[in-house]
Amino acid sequence: MQALIRRLLDSDTARRRGLALYLATVALAVAGIASTWDPAYATVIFVAIVGLCLLTAVPVWPIAGLLVYVGVVHGFPRYTIGVEYVFAHFVPELIAGLTAAGTVLWIARQRDNAPKTNHTPGALMLCFVGWSLLSAAYCLLTSDNWLDLPATFDLKHHPGRLVNAGLLMFTAAVATRSRRDLHTFALFAGALLISKWVLFAAEIKLRPADFAGLSVILLPLCLAVATAAETRRLRLAGTAISIALVVLVFAAANRGAIIALVIVSLVMLAQFRSRRHMLLIALPLLAVAVIGLQTSGAIQRFERLLDDGPTAADAGVYERIALWRAAPRVIGEHWFIGVGPGRSPTYLAQYTPATLNSDYAVHNNFLAVAAELGLPGLLLYCALYGSVLVLMWQKGRTSVRHWPAPEARALAAGIVAYLAVGMFITRHDQALPYILLGFAIAVSGHFPHHGRDPCAGLVGSGGR
């Protein structure tokens with residue numbers, strides 16, 4: 001694909017025209033968002049406009065588009081008017097599309113050979129996105145209101161979400177050329193979550209699952225910065241952010257995230273090949289975890305499960321069990337094509353108690369994919385993540401600390417964290433884990449480099 005892009009944009013004139021068209025599109029997007037000005041949404045509109053303006057850097061540094069997407073889409077708590085505005089005005093689609101377009105221009109400017117990455121995950125992702133669009137098209141054609149997209153699909157889970165994920169995965173896969181790119185993303189995303197907690201603590205405490213889950217998913221990458229960064233300053237920043245993320249997980253007291261944290265901690269400890277690093281990292285985090293369990297109320301939430309039984313412990317457990325029982329019935333009736341992206345709550349409501357909120361998704365990624373995209377969609381979903389885990393397991397065994405082995409182990413742990421969190425919440429179409437998959441594809445094309453240069457591993461350096 002990269003060779004084809006270079007052939008299509010092989011002249012300076014073509015690249016200049018492409019850049020001019022890209023900048024004009026960014027300007028139109030900014031003008032469109034500005035035209036929706038409303039004092040009630042002043043903050044999120046300002047953030048969206050700033051983010052879109054920063055996309056002008058993508059043709060030079062595509063990772064900027066990933067940072068903008070994370071900053072705008074994950075910069076506000078999921079259940080607030082800020083995120084409602086972002087989804088209603090299709091800001092994620094604008095950012096993902098412009099990021100992919102800017103990445104195409106970046107590819108056209110490159111003169112070195114691209115790393116020979118494993119193409120299997122990319123092909124599986126393409127099939128997965130294609131199947132989701134096929135499912136959406138079938139549901140639209142068989143629906144009474146197929147012209148009304150917002151009324152047909154939930155805006156937070158409509159078909160465009162997986163398209164966004166595919167585009168951002170493409171950018172991460174082709175544009176990640178060094179350890180510095182991954183570390184910049186990890187530190188930015190981790191610092192964003194900490195800032196988000198400071199600014200929106202009250203809103204997050206009401207619905208902590210999304211925030212706590214993101215913290216666990218990002219933790220392994222931040223730990224990779226703490227152990228593998230080339231400068232002491234970056235290692236200290238990675239350590240501080242990692243400890244803060246663990247504290248925030250326990251402060252949120254979300255049971256699903258804590259279970260995922262335990263799982264991913266075991267995965268990371270099993271990956272360590274240096275006892276010194278294990279002690280330096282594991283002991284402080286263990287101390288933070290013990291203190292967090294004692295002070296956050298998380299232990300009491302687990303104790304209620306044992307004392308009162310799972311269905312009587314609290315509303316969250318009762319609702320999840322009801323949804324999990326209903327999901328297989330929906331899957332059985334729509335096992336091939338599914339009910340369509342974002343449409344599962346309507347069907348689940350037919351098999352859940354009347355007291356349950358009819359807008360609830362199934363709160364399990366695997367069940368959500370099977371219900372909305374059918375069993376073929378579930379097979380593609382499992383194959384996609386399974387193939388990347390195998391690649392990262394192989395790449396992580398090539399070295400102890402030299403690029404890209406520590407990052408490969410961190411990406412594997414982050415993906416495991418996402419899959420564990422996804423057992424308790426519906427986020428199968430969230431872009432962040434697919435960005436990690438893109439990073440993993442990029443890492444699969446690099447070989448251990450024993451230099452101290454943080455840009456070591458760049459294509460053309462010899463890779464060894």
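Since we're looking at a predicted model, the values are computed, not measured. Computed over heavy atoms, backbone and side chain alike; hydrogens, waters and symmetry mates excluded.
Residue pairs meeting the ring-ring contact (aromatic ring centres under 6.0 Å, His included) criterion with at least one partner in residues 209-228, sequence neighbours excluded, are Trp197-Phe211. Screening residues 84-98 for salt bridge (charged side-chain N to carboxylate O under 4.0 Å, His left out) gives Glu93-Arg161 as the qualifying pairs, with residues at least two apart or on separate chains. Here salt bridge (charged side-chain N to carboxylate O under 4.0 Å, His left out) pairs that include residues 28-57, with residues two or more places apart or in two chains, number zero. Sequence neighbours left out, the pairs with a member in residues 25-51 that pass ring-ring contact (aromatic ring centres under 6.0 Å, His included) are Tyr41-Tyr85. For residues 211-228, there are no salt bridge (charged side-chain N to carboxylate O under 4.0 Å, His left out) pairs, not counting sequence neighbours.
For Trp106, there are no ring-ring contact (aromatic ring centres under 6.0 Å, His included) partners two or more places apart in sequence or in a different chain. Listed by chain and residue number, nothing satisfies the ring-ring contact (aromatic ring centres under 6.0 Å, His included) test with Phe87 (two or more places apart in sequence, or in another chain). The side chain to side chain contact (heavy atoms under 4.5 Å, CB included) search around Ala224 returns Ala410, not counting sequence neighbours. A search for side chain to side chain contact (heavy atoms under 4.5 Å, CB included) contacts involving Leu67 returns Trp61, Ile63, Thr184, Phe185, Phe188, not counting sequence neighbours. Residues satisfying the side-chain hydrogen bond (donor to acceptor under 3.5 Å, both in side chains) test with His363, not counting sequence neighbours, are none. By the ring-ring contact (aromatic ring centres under 6.0 Å, His included) test, Tyr69 pairs with no residue at all, sequence neighbours left out. Remark: Tyr79 pairs with Arg427 by the side-chain hydrogen bond (donor to acceptor under 3.5 Å, both in side chains) rule, at least two apart or across chains.
You'll find the ring centres of Phe439 and Tyr434 outside the 6.0 Å limit. The six-membered or imidazole ring of His428 lies away from that of Phe366, with a centre-to-centre distance of 6.0 Å or more. In this structure, Phe90 has its ring center closer than 6.0 angstrom to the ring center of His158.
Separation of atoms CD1 (Ile217) and CG (Leu419) is listed at 9.0 Å; rounding is to 0.5 Å.
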